[in-house]
Amino acid sequence: MPAYRPEEIEKKWQAHWKAHSTFRTENHSDKPKYYVLDMFPYPSGAGLHVGHPLGYIASDIVTRYKRLRGFNVLHPMGFDSFGLPAEQYAIQTGRHPALTTEKNIETYVQQLSSLGFSYDWSREVRTSDASYYKWTQWIFLKLFNSWYNLDADRAEPLTELTARFAATGSEGIRAAGDDGDRLSFSAGQWALFSEKQKLAAVLPYRLAYQQDTYVNWCPGLGTVLSNDEVKDGLSERGGFPVERRLMPQWNLRITAYADRLLQGLDQLDWPDAVKEMQRNWIGKSIGAEVTFPVLSSEYSVLSSETKADEAASLTTQYLLPNTEIKVYTTRVDTIYGATFLVLAPEHELVDELTTPEQRAAVDEYIAATKRRSERDRMTDVKAVSGVFTGAYALNPVNNEPVPIWLADYVLAGYGTGAVMAVPSGDQRDYLFAKHFNLPIPAISDAQQGLDQQADPTKEGRYINSGIINGLTYKEATQKLIAFLEEKGLGKGKVNFRQRDAIFGRQRYWGEPIPIYYKDGTAYGIAESDLPLVLPEIDEYKPTETGEPPLGRAQDWLYKGKYPYELSTMPGWAGSSWYYLRYMDPTNEARFVSEEAEHYWGSVDLYMGGAEHATGHLLYARFWYLFLKDLGLVSSNEPFQKLINQGMILGRSNFVYQMWMQWQTIPEEELHFPQIYVSKSFKEAMSQNSEEFKSSEKYASYLAQIDEIISRTRAKYPHLKMSLMRHNAPTGEYAYFSKFHVDVNHTDNDVLNISAFRNWRNENRNAEFILEEDGTFICDWEVEKMSKSKHNVVNPNILIDKYGADALRLYEMFLGPLEQYKPWNTNGISGVSGFLKKFWRLFHPEDGPLALTDEPATPAELKVLHRAIQKAQEDIEKFSFNTSVSLFMITVNELTALKCHKRAILEPLVLLVSPYAPHLAEELWQELGHKAGSISTASYPEFREEFLVEDTVTYPLAINGKVREQMQFAAAATAAEIETAVLASDFLAKHGEGKSAKKVIVVPGRMVNVVV
RNA sequence: GCCGGAGUGGUGGAAUGGUAUACACGAGGGACUUAAAAUCCCUUGCCUUCACGGGCUUACGGGUUCGAGUCCCGUCUCCGGUACCA
């Protein structure tokens, strides 16, 4: 075997692994199990760029390492193959999304295979396969047929709920969700209900339920989106505007699990940032719900003098019966400072409360709010807007009348859709009060600067606060809640920011929701009729009547007569449980067999991007908890350890073009010569100092420009051109435009001028002002890797040139896995050189394998065992970049030692094998082992005794500054060392004549003399 | 605003409170070669010095410590998340 040829050995081993199913994993083993999972990729048409495999490489290293350490490792890969891009493409081209998806997956599989990942491809799943989504639909039916029993704090089958209805009616049932939507009835009434009435009564209890919901409607995509699919008021995919709309929707009752999703985070080995994001997303707050009675319109019309006179009879004479406003507050202690109420414009009482005088203003405000898109509301946070309804409510603690306002800063969907405004304690309320000239009374003796802003302090004692005057925060809160509870006007309450998850999409390329309608009532289809297969349609657009694309399906009816639900499931449906299917991917009888589920349990290591923090990771946990409630899975959480690999950013290159003034000559087909200037030229010209302008360099630059201009004039005599000089406002000599240049046309920022000329037609005749050494240097910047920035690096090209092993090593070498870091292709030559050096340890001078069986020297053993120790430590803490450095140091040292000994190099092959599996497999075979067997070998054993030294070199420092080194026996005691240092001439040489005050000896480390 | 995270050479980065800048890229010099590629050797944080050496340096300012990139307090900058959530 001659020189290291990755292109040969990598193909060879990839074919071998495939042909021999080397990485096929069994569901039973005497070995302990370990489950390593990569986040489910959506197979996009663009294929992988160099940033995508980062996490896959890391997880593959862990996988291969764990195999060497004696684990039975499950390491699967599959595709989240339903999704918007394929469908958008289908709308444009008429090409079936299934075909596009299939083709994209092929590309992915090819690319992943060429990186040498050790996936068990026999377990591959695709969410768009009916054999997979059959079970996604099955889980949906389980949700549809379950309710959440708050007393048991778990989901239960609906049959248990209906049994209780039959026995005792709706009385005493505590279920997650909004009781306002539910009927109350006795067992007798239940018995008399028709089937339709029964289903209607049960619907608001289901974990998958249909309801009119305010949704993020995206007209550009023709569908609704969930909150995490909307960024800054635009759709995450496609960037289309999104607006609020009330529509009937399928929802999943994730809020039933809010508290358990929150509690469960504490046991997880996840990045704190992700856990914190989930906590914020769930948004638990502890506060109180307080009821404000409402005054009748007779009160509103009183003159201000009469209002004062009537103060005593408010609660008797003017109280509006059966009407009250509930507000939610986390600061019930500030209630005496509540000088007005604010309702969301959508609040159900708005119509009833508005007085005739205010009707026009209120209607106008509500209309304006509707017109304002979500995006406007977000970008326009500072602007205060609102309107007075004309009505008043009574503050329940002091019976003071407070005006009721509307404002869009109050959200209909949170709490009760109404707040008590405490302008002295809440900045929003403060701004509102200032704007509308409402009073801002202080409520605590610790509040400060109320003429400028609100002060939400909990310090100090209450003032102007009736029964809590003089109390502290804690005392006041307790007293008020007790007071309100006694009067039946309030109670302590926990609120969550998290909303139920909207589960329908008005799109084609997704799982059909297994629901049909009979007489307008929703029924789940029978489990035995699953899968409900996605029907073929003629076009992938909504119907003329505005129904989702599935409305186009011909004769698509349940049992030949009942229409199906026309929306499909969102992208996150299939990805919420895929990791379970990998355990038993072809089971036709169950979503995963009990046996497989018990063996594999939960995912031990989950690798993926941080962008899934609040979407996928929350939904998947929710589905897992639900399945657990039904006794279908056995762990507490699906993903024990999570690592977010950082994004690899692009390193963009730029050229500067000088602005010229042209007189165009349309009749001639002329490509004007653009003038591009090298980096240092642009920098010099932009610095704009008088000193520079009088320099020789400046003169030479001007001469170069003039030269180009005259040369161009000679070439194109009709063309009039001049440099745009002297930018008056800034005084700069010239203007420059900055353009991205394809990074494939540069090497170490040096532009390949001919490639650049050919890249774009308008550059054909470009002129270049070069550096003194004749090169053209581009500027650079770190940006996200994207096509439009021309900084995308394709891994296939690098694999062709350097090999997959080099790419794997280099991606790891770039820096800590979790960090964001820029890609720079140049560095790959370093790891490529390392692999060649490693090869040469086995094949001196790239000749045939030439290893000796001589016993290893202590120096060689030390190098080896330090490597074993550190490689192991690094991989256990996912510090892959330092392992690669370690391998480089090890190989450098063994090369220097001219070590070609089997005893040292054979274990080294094992150490490197998780990182560079092809090279390792090749050498392993050359060493005489069975082909393809390195993944079933055992990791070399670390032996401490080879690291023990006879002597230790100590740095000697004076006052912490190192001055000299001194050797001591490893066994020397601190006292012996101290004596020896003081006896030496160390102090005389460096002590500036001072005497030693104190000597600190850290055994094995260093000596510090304090003078 | 709030919640996370990070600031170390020209670049990516390393460093259980114990010799800061390992490893690699880039750059400079040299060897081999007709030449190129490949490979090998030397130099490479900054300032100062012919040199030996000396001084400075981990965003900035303080502190704790015999000793701080690492711990504590304050400030600045950048990145990510999130936001009228009552």
Side-chain angles (χ1 to χ4, degrees), chain A residues 3 231 271-277 279-281 283-285 287 327-332 334 338 342 344 377-378 380-384 407-411 413-422 425-429 431-432 495-499 610-611 613-614 644 646-647 649 651 748-749 780 782 809-810 813-816 818-831 833-834 836-837 840 845-846 873 879 881-890 892 953-965 997-1002 1004-1011:
Chain A
K231 289 263 183 291
D272 288 336
V274 175
K275 292 207 260 189
E276 203 51 35
M277 272 187 239
R279 286 191 190 104
N280 292 338
W281 192 261
K284 182 176 185 173
S285 67
V327 302
Y328 178 71
T329 177
T330 54
R331 289 296 302 275
V332 70
T334 64
V342 190
R377 277 175 72 164
M378 286 206 277
D380 205 16
V381 165
K382 290 280 170 307
V384 177
D408 63 6
Y409 80 78
V410 178
L411 305 177
Y414 184 77
T416 58
V419 302
M420 60 174 214
V422 182
D426 181 288
Q427 185 61 16
R428 260 175 348 217
D429 298 342
L431 290 172
F432 194 85
N495 238 325
F496 294 94
R497 192 180 81 98
Q498 182 171 42
R499 304 278 66 128
E611 67 273 22
T614 50
N644 291 132
M647 200 187 292
L649 303 168
R651 189 179 186 278
N748 266 328
D749 298 337
W780 63 275
V782 172
L809 278 170
Y810 185 52
F813 184 64
L814 278 180
E818 280 135 303
Q819 210 160 293
Y820 278 56
K821 53 216 167 233
W823 178 264
N824 186 356
T825 300
N826 298 324
I828 197 171
S829 63
V831 291
F834 156 75
K836 290 177 191 166
K837 266 176 124 168
R840 275 187 224 112
E845 290 166 28
D846 287 336
E873 280 171 13
S879 172
N881 56 324
T882 49
S883 316
V884 180
S885 304
L886 167 76
F887 295 147
M888 290 175 171
I889 293 167
T890 304
N892 288 347
T953 305
Y954 281 78
L956 305 186
I958 299 247
N959 290 344
K961 241 183 228 315
V962 175
R963 299 294 176 182
E964 272 187 18
Q965 318 246 319
K997 269 194 208 147
K998 194 173 174 186
V999 179
I1000 286 137
V1001 178
V1002 185
R1005 277 282 171 194
M1006 58 120 50
V1007 180
N1008 189 18
V1009 181
V1010 186
V1011 296

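In what follows, every chain begins at residue 1, and chains take the letters A, B, ... in the order their sequences are listed. The basis for the numbers below is simple: all heavy atoms, side chains too, and nothing from hydrogens, waters or symmetry mates. Computed from a predicted model, the values in this text were never measured in an experiment.
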Does [X] place a side-chain N or O at less than 4.0 Å from the phosphate oxygens OP1/OP2 of [N]?
X	N	answer
A/Asn892	B/A24	yes
A/Gln819	B/G13	yes
A/Arg428	B/C85	yes

Open item on the list: Give me syn or anti for B/G12, where syn covers glycosidic angles within 90 degrees of 0.
Closed with: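 Chi for B/G12 falls in the anti range.
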What contact category does [X] fall into here, base, sugar-phosphate, or nothing, at under 4.0 angstrom with non-hydrogen atoms?
X	value
A/Arg840	sugar-phosphate
A/Val419	base
A/Asn1008	base
A/Thr614	nothing

Separation of [N] [atom2] from [X] [atom1] (nearest whole Å):
X	N	atom1	atom2	result
A/Trp823	B/C25	CH2	P	14 Å
A/Tyr810	B/G12	OH	P	11 Å
A/Tyr820	B/G4	OH	C1'	12 Å

When the [atom1] atoms of [M] and [N] are compared, how many Å lie between them, rounded to an integer?
N	M	atom1	answer
B/G10	B/U16	P	24 Å
B/G54	B/A59	P	26 Å
B/U49	B/A35	P	40 Å

